Protein chains: 2
Amino acid sequence: MARIKLPTLHSDFSVDCVIFGFDAGELKILLIDRNEPPYKKWKALPGNLAYDTEDIDEAAKRVLYELTGLKNVYLEQLYSFGKIDRHPQGRVITIAYYAIIKRSDNGLHPVTTFAKKAFWWPANSLPKLAFDHIEIAKKGIERIRNKIRYEPIGFELLPEQFTLTQLQHLYEAILETEIDKRNFRKKILSSELLIESKNKQKDVSHRAARLYKFNKIRYRELKKGGFVFKL
Amino acid sequence: MARIKLPTLHSDFSVDCVIFGFDAGELKILLIDRNEPPYKKWKALPGNLAYDTEDIDEAAKRVLYELTGLKNVYLEQLYSFGKIDRHPQGRVITIAYYAIIKRSDNGLHPVTTFAKKAFWWPANSLPKLAFDHIEIAKKGIERIRNKIRYEPIGFELLPEQFTLTQLQHLYEAILETEIDKRNFRKKILSSELLIESKNKQKDVSHRAARLYKFNKIRYRELKKGGFVFKL
DNA sequence: GCAAAAGTGTTAACTTTACACCCATGT
DNA sequence: ACATGGGTGTAAAGTTAACACTTTTGC
C-alpha cells in the first residue's frame, strides 16, 4: 500500500465530523460536496487531515469551526476507523467526532461561514457518501440514539427556549417511537431539569404553548449526586 | 515536534489494550514491564505500533495474541488518544482497545506465551504507568462498568461454568455495590440467559453450588427481538 | 364557531426493594 | 455439632403505561 505524503499537513490521520441538527421534525446531518479528488463531486462528511501540532480534539474543533463558524458546541469523539483500504491513496486512519448544534427555532437558514458548500440531510435517508463515511454516519446515529436515553443532550438540538411538544417531537424523531404526551410531560417536568419561562410561543395559529429552558446548572448539581437522567 | 520514523513498522499510530480479567473477587488489568525506551522499566498497558498492512482491529487482535496466545476474545475499540505530547518521541496517536478474557476457575496461573513479562494488577489500585496509559486504563474501567449494566459481558470474565454467587461477586466487584442475593438470583434467572448445568461445584468445604452456563444463542435471539439485558 | 394544538389526573400493571431463615456438605 | 455458603418467597414502595376530555387562541 503506497503511502502518500502531503506537503503541508504531513499526517496520516484525519478527523471527520458527524454534525447533527434538528429541523422540520427531523434529525439532520451536515454534509459537504467534495471538490477535489479522491471522491471529487461526492457528498461526504466534513473532515480534514489533522496537523501534527494539534491534539486530535483540537483538530475536530477546528474542522467544525471552519465549516460552521461555531465554537463551544457539544462535541465528542465517536470512533476511529482504520481499515487499510478505506482511503484510495493509502493508509489514512480517521478519528470520527460527533457534534450537536442548535439551529434557530424558526430558521431553516443553514450556518453561514462555510469553507465548502454544506447542506443538511435527513439522517435516516442518507445518500451515497465518499470513503467509509456512511459507516461513520451510522455509528453517529447509533450513538446519539443511545446517548439521548440517559443524557439530556436533546436540549443541544433545540433553541434556548422551546415548548414541551417540540422536545417531545425531538425525542420521537430520534428514537423513532411515539411517546404519550401526558406521561412525557409528567416525567420531564418531575426531573426538575426545566425552567419555566414567562414567555409563550408567538405567531402560531393556535393556543400558544409555554416556553421552557434547560437548567444546566441544576443538571450538573444533580449529576454530581449520582442522578442519571433517563427518558 | 520531531517525528521519528521506525524502520520496520513505519507508522505513526499504535494500538494499546486494556485487558480485563477477574480473579480473587477482583477486576484485574494485564500490565507489562517495558524493557526499552521510552519509559524503560515502567509498567504499561500492552501495545504496539501498528503495521501499515493491517486494519486497526487486526492490530489490536495481534497485540492481544502476541501477549496472551488467545484468539476469539471479547475485544472492542475503546477510544483514541491524540494529545500531541503524549509520546516523548513525537506525534503518536494511539487507538485503545479493551478485551475481556476468561481465566480458569481455580487458576491464578497467568497466560502462557508471553512476548514480554505480563502480570495482573487490581483495576482499582493501578500503579504509575508509562505515557498516558493511566488515562486509557481509567477510560477502560469506566467503559466496562457502564457496559456491564446493559450487556451480559460479565460472563466473558468467568469460566464456562460458574455459580450464581460467583456471578454476583463479579457484578459487585465491578459496580462496587452490594447486591441482594435473592433479588439478584430472581432477576438473573428470570432473564432466561442461563442454562442450569447438571454439575455442581467440586472440592468446596460447604454445600456445593449448582453450576450455570451463559446461553449465548438465547441471548442473540432475545437481542434480535429488541431485548436489552439490564441488571 | 371551528380548527389546532395546549394542557391536565387517575388507575392498573409491572418492577424494584427490603428483608430472614432453613438446607446441604465438609471438617 | 458446627462452620460455611447455598438456596428460597412475600409484601410494600415505586415506576411505568394506558387512556380522553377541556382550554386557549387565531382565523
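A, B, ... follow the sequence lines: proteins, then strands. Residue 1 opens every chain. Note that the coordinates shown come from a computational prediction; the quantities given were computed from them, not determined experimentally.
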Trainee: Under the salt bridge (charged side-chain N to carboxylate O under 4.0 Å, His left out) rule, collect the residues that match up with Glu160(A), sequence neighbours excluded.
Mentor: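 Per chain and number, Glu160(A) pairs via salt bridge (charged side-chain N to carboxylate O under 4.0 Å, His left out) with no residue.
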Trainee: Please find out if less than 6.0 Å separates the ring center of Phe81(B) from that of Tyr79(B).
Mentor: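 Ring-ring flag for Phe81(B)/Tyr79(B): true, centres closer than 6.0 Å.
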Trainee: For Gln166(A) and dA5(C), give me the distance from atom CD to atom C1', rounded to whole Å.
Mentor: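 Gln166(A) atom CD is separated from dA5(C) atom C1' by 12 Å.
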Trainee: What is the distance from CD1 of Ile179(B) to P of dC19(C), rounded to the nearest Å?
Mentor: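 For the pair Ile179(B) CD1 and dC19(C) P, the rounded distance is 17 Å.
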Trainee: Residues two or more places apart in sequence or in another chain: which of them pass ring pair (Phe, Tyr, Trp, His ring centres under 6.0 Å) with Phe131(A)?
Mentor: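 Applying ring pair (Phe, Tyr, Trp, His ring centres under 6.0 Å) to Phe131(A) gives Tyr39(A), His87(A), His133(A).
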Trainee: Show the numbers, then the answer: is there a side-chain hydrogen bond (donor to acceptor under 3.5 Å, both in side chains) between Tyr98(A) and Glu76(A)?
Mentor: CA-CA 6 Å; Tyr98(A) 70 108; Glu76(A) 280 205 353; 3.2 Å; yes
Trainee: Relative to the 5' end of DNA chain C, which residue comes earlier, Ala208(A) or Asn183(A), by the nucleotide with the nearest heavy atom?
Mentor: Ala208(A)
Trainee: With DNA chain D as reference, determine whether Arg210(B) or His206(B) sits nearer its 5' end, using the nearest nucleotide of each.
Mentor: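 Taking each residue's closest nucleotide, the earlier one in sequence belongs to His206(B).
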Trainee: How close or far is atom P of dC22(C) from atom CZ of Arg182(B), stated in whole angstroms?
Mentor: 12 Å
Trainee: Output the rounded distance in Å from CD (Glu178(B)) to P (dT17(C)).
Mentor: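 After rounding, the reported distance stands at 15 Å.
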Trainee: 5'-most contact on DNA chain C: Leu164(A) or Ser205(B), nearest heavy atom basis?
Mentor: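 Closest to the 5' end, via its nearest nucleotide, is Leu164(A).
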Trainee: Under a 3.5 Å distance rule, please check whether Thr163(B) uses its side chain to pair with a backbone N or O of Leu211(B) as donor and acceptor.
Mentor: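 No, because the side chain of Thr163(B) does not come within donor-acceptor range (under 3.5 Å) of the backbone of Leu211(B).
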Trainee: Who passes salt bridge (charged side-chain N to carboxylate O under 4.0 Å, His left out) against Arg145(B), sequence neighbours left out?
Mentor: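 Arg145(B) satisfies salt bridge (charged side-chain N to carboxylate O under 4.0 Å, His left out) with Glu176(B) once adjacent residues are dropped.
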Trainee: Near DNA chain D, counting only heavy atoms under 4.0 Å, which residues of residues 184-191 of chain B show up?
Mentor: Arg185(B), Lys186(B)
Trainee: Going by distance alone, is a donor N or O of one side chain under 3.5 Å from an acceptor N or O of the other, for Arg185(B) and Ser190(B)?
Mentor: no
Trainee: Need one value for Thr165(B): base, sugar-phosphate or nothing, where a base atom within 4.0 Å counts as base even if backbone is also close, heavy atoms only.
Mentor: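 Counting heavy atoms under 4.0 Å across all strands, the contact made by Thr165(B) is with sugar-phosphate only.
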Trainee: Between Phe162(A) and Phe155(A) (judged by ring centroids, cut-off 6.0 Å), do the two rings come close enough to count as a pair?
Mentor: yes
Trainee: Of all nucleotides in DNA chain D that come within under 4.0 Å of a heavy atom of chain B, which is furthest toward the 5' end and which toward the 3' end?
Mentor: dT4(D) to dT10(D)
Trainee: Return the value, rounded to whole Å, for the distance between atom CZ of Arg207(A) and atom P of dT8(C).
Mentor: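 Those two atoms, CZ and P, are 8 Å apart.
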Trainee: Whole angstrom is fine here: how far is it from NZ in Lys181(A) over to C1' in dG9(C)?
Mentor: 14 Å
Trainee: Quick one: salt bridge (charged side-chain N to carboxylate O under 4.0 Å, His left out) partners of Glu135(A), sequence neighbours excluded?
Mentor: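 In terms of salt bridge (charged side-chain N to carboxylate O under 4.0 Å, His left out), with neighbours along the sequence ignored, Glu135(A) is linked to no residue.
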